[in-house]
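Treat the numbers as computed from the prediction; the structure is a model and nothing was measured. Throughout, residue positions are numbered sequentially from 1 according to the sequence presented.
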Amino acid sequence: GTADNWAEAVAIQADEKIVVVGDAGYAVPGGSGRRYDPTVARFNSDGSLDTTFGQNGFVRIDRDITQIGELGRSVAIQPSDGKIVVVADGFGVVRLNPDGSLDDGTSTDTTPGDQFGPNGVVVTRILQSAGARSVVIQSSGEIVVSGYAYDAASRNYVALARYNPDGSLDDTFGAPGLVISDVSQVEGNSGTTSFVFTVSLSNPIASPVTVNYATANGTATAGSDYV
């Protein structure tokens, strides 16, 4: 690629066409600087751009609309129907139809009736922040995504998630997911204010569940803002 275009991963379709994912940079309209969006390109087996795919061989995934990160990291082809699954920074998963249209169930979706997620895109929040790095499609159609996540104390973890073919999280995979709600409240300048955090599981489990927690400075500082 150039300074503004990067290729990160490649997949070969059953018809030997070549799908490449990465990002593309372009000038900000009416502004200064450049911005970057995940981008998918498809080539014919002879190396020429497949102009039947997307716009003249390219699909740029607008990250302002999809809320995913700026760099496409990995790509896989669904063997059952040739749909293209792309993962990106922000632990985002996007599914494109074979012609490059977003599999979102709208009027531009060329395979209506089986959309992926609410709008062709699924973004999974894991801990403080997370990013997807690789994707594979199981023979049963489930989509497995691996990557990383880190918590508020900047501890790093391996992140692994499995999605059903419709984009919903497969809550039978691994241990139940644990979600801790965000809390925002005006603390005032005197006295004490209590904050209530709701902890919930993605699905029931018969064995006991324990939660370890710790505090870390962010917008609030230990000693002066919280104890």
Side-chain angles (χ1 to χ4, degrees), residues 1-2 4-26 36-63 65-66 68-124 131-147 160-168 170 173:
T2 69
D4 288 310
N5 301 279
W6 298 91
E8 283 284 315
V10 61
I12 309 298
Q13 296 186 169
D15 59 3
E16 298 186 351
K17 290 186 178 183
I18 303 161
V19 180
V20 179
V21 65
D23 77 351
Y26 56 95
Y36 300 85
D37 285 328
T39 301
V40 185
R42 190 166 72 189
F43 301 86
N44 296 307
S45 58
D46 64 0
S48 60
L49 271 173
D50 178 8
T51 56
T52 67
F53 179 74
Q55 272 192 312
N56 298 316
F58 296 93
V59 172
R60 180 175 61 84
I61 303 167
D62 191 326
R63 62 189 177 92
I65 295 174
T66 60
I68 62 177
E70 67 183 24
L71 182 57
R73 293 290 188 172
S74 186
V75 59
I77 312 299
Q78 292 188 172
S80 60
D81 53 17
K83 292 188 178 186
I84 299 165
V85 179
V86 174
V87 299
D89 290 336
F91 226 88
V93 186
V94 181
R95 191 165 73 188
L96 305 176
N97 294 308
D99 65 355
S101 61
L102 197 61
D103 193 9
D104 60 0
T106 67
S107 59
T108 59
D109 183 350
T110 54
T111 62
D114 64 343
Q115 74 182 64
F116 182 76
N119 58 356
V121 181
V122 173
V123 178
T124 303
R133 288 293 182 268
S134 185
V135 58
V136 295
I137 312 296
Q138 294 186 311
S139 58
S140 54
E142 283 88 357
I143 300 164
V144 180
V145 179
S146 64
L160 191 65
R162 187 166 72 184
Y163 302 85
N164 296 308
D166 64 0
S168 60
D170 179 2
F173 179 70

Quick one: list whatever passes side chain to side chain donor-acceptor pair (under 3.5 Å) with [X], sequence neighbours left out.
X	value
Q55	none
D99	S101, T110
D46	S48

On a heavy-atom basis, which atom in [X] and which in [Y] lie closest, and how many Å separate them?
X	Y	value
A161	F91	CB-CE2, 3.9 Å
F116	G167	CE1-CA, 3.3 Å
A132	V87	CB-CB, 3.7 Å
I61	D37	O-CB, 3.3 Å
L102	N97	O-ND2, 3.7 Å
R73	A9	O-CB, 3.5 Å

For [X], give me all partners under salt bridge (charged side-chain N to carboxylate O under 4.0 Å, His left out), at least two apart in sequence or on another chain.
X	answer
D81	none
D50	K17, R42
D103	K83, R95

Less than 4.5 Å apart, side chain to side chain, heavy atoms only: is that true for V59 and T39?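 In short, these two side chains do not touch, never coming nearer than 4.5 Å.
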
How about V145 and V93: do any of their side-chain heavy atoms sit closer than 4.5 Å?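 They are in side-chain contact.
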
List for me each residue that meets side-chain contact (heavy atoms from CB on, under 4.5 Å) alongside [X], sequence neighbours excluded, and say none if there are none.
X	answer
V144	V136, Q138, L160, R162
F43	I18, V20, A41, L49
T106	D104, T108

What's the spacing between I137 CD1 and Q78 CD if we round to 0.5 Å?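 With rounding to 0.5 Å, CD1 (I137) is 5.0 Å from CD (Q78).
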
Could you give all pairs that pass the salt bridge (charged side-chain N to carboxylate O under 4.0 Å, His left out) test and reach residues 134-146, with sequence neighbours left out?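 Residue pairs with at least one partner in residues 134-146: there are none.
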
